[in-house]
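Side-chain atoms are counted along with the backbone in the values below, which use heavy atoms only and exclude waters and symmetry mates.
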Amino acid sequence: MSAITSVSAAATPFERIAPPVLKPVTPLVAGGDAAPAAAPAAGAFSSVLDQVVGTVVHQQANADAVTRSVLLGDGGSLHQSVIAMQEASLALSLMIEVRNKVIDSYQEIMRLPV
């Protein structure tokens, strides 16, 4: 069993899961000289959360693609793979922290006397 065969064999369980349809996601925070983003409409909280989840999924898919490219020897560089994995990890950690804060806020609201 060659190294390439073992890498592709290890990836098969993940290939059974249909990849999400990735659409371009605009950053939530405008940087530099960009115009400030318009405030989301009322009731758009779920769309903001969908956008954040989409960004995290996109970064993880990108990290997987770069890492697969390095492992298969398709010209990817190792440092780009490590950077992409760290970016995806940080994005996931940030999303988890935001989720925790939202849950804490909800629990605090539920504890308020009526």
Side-chain angles (χ1 to χ4, degrees):
M1 207 168 163
S2 70
I4 294 175
T5 307
S6 64
V7 169
S8 63
T12 28
F14 296 110
E15 292 172 351
R16 292 183 196 152
I17 300 172
V21 177
L22 300 177
K23 57 185 176 185
V25 178
T26 57
L28 293 177
V29 178
D33 293 40
F45 184 70
S46 63
S47 66
V48 171
L49 288 180
D50 287 342
Q51 185 179 13
V52 170
V53 171
T55 302
V56 171
V57 168
H58 186 298
Q59 286 181 333
Q60 288 179 340
N62 181 37
D64 289 343
V66 172
T67 302
R68 181 172 286 149
S69 153
V70 169
L71 291 175
L72 296 176
D74 290 339
S77 60
L78 182 60
H79 70 278
Q80 289 175 339
S81 172
V82 172
I83 290 170
M85 287 189 297
Q86 285 299 317
E87 286 176 351
S89 175
L90 284 172
L92 181 64
S93 296
L94 177 63
M95 186 180 73
I96 289 171
E97 288 301 319
V98 169
R99 180 208 59 183
N100 290 344
K101 289 293 182 181
V102 168
I103 290 172
D104 289 343
S105 299
Y106 173 77
Q107 290 173 343
E108 187 68 27
I109 289 171
M110 294 308 292
R111 279 188 236 129
L112 290 175
V114 180

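Using a 4.5 Å heavy-atom threshold, the side chains of Asp50 and Phe45 count as separate. Looking at Arg68 and Leu71, their side chains never come closer than 4.5 Å, going by heavy atoms from C-beta outward.
Note that OG1 of Thr55 and CD of Gln60 are 11.0 Å apart. Values are rounded to the nearest 0.5 Å. Rounding to the nearest 0.5 Å places CZ of Arg99 at 10.0 Å from CG of Asp104. We find the CD-CD distance between Gln86 and Gln59 to be 12.0 Å, quoted to the nearest 0.5 Å. Ser105 OG to Met110 CE: the interatomic distance, rounded to the nearest 0.5 Å, is 13.5 Å.
Linking ILVMFWY side-chain heavy atoms closer than 4.5 Å, directly or via other members, places Leu90 and Val56 in two distinct hydrophobic clusters. Using a 4.5 Å cut-off between side-chain heavy atoms of Ile, Leu, Val, Met, Phe, Trp and Tyr, with links allowed through other members, Met85 and Ile83 fall into different hydrophobic clusters. By the rule that hydrophobic residues join a cluster once side-chain heavy atoms approach within less than 4.5 Å of another member, Ile96 and Val57 end up as members of one cluster.
Minimum heavy-atom separation, Ala44 to Ser47: O-OG, 2.6 Å.
Not counting sequence neighbours, the partners of Glu108 by the side chain to side chain donor-acceptor pair (under 3.5 Å) test are Arg111. Every residue two or more places apart in sequence or in another chain that forms a side chain to side chain donor-acceptor pair (under 3.5 Å) with Gln80 is listed here: Ser77.
Within the 3.5 Å criterion, the main-chain N or O of Ala63 finds a donor-acceptor partner in the side chain of Thr67.
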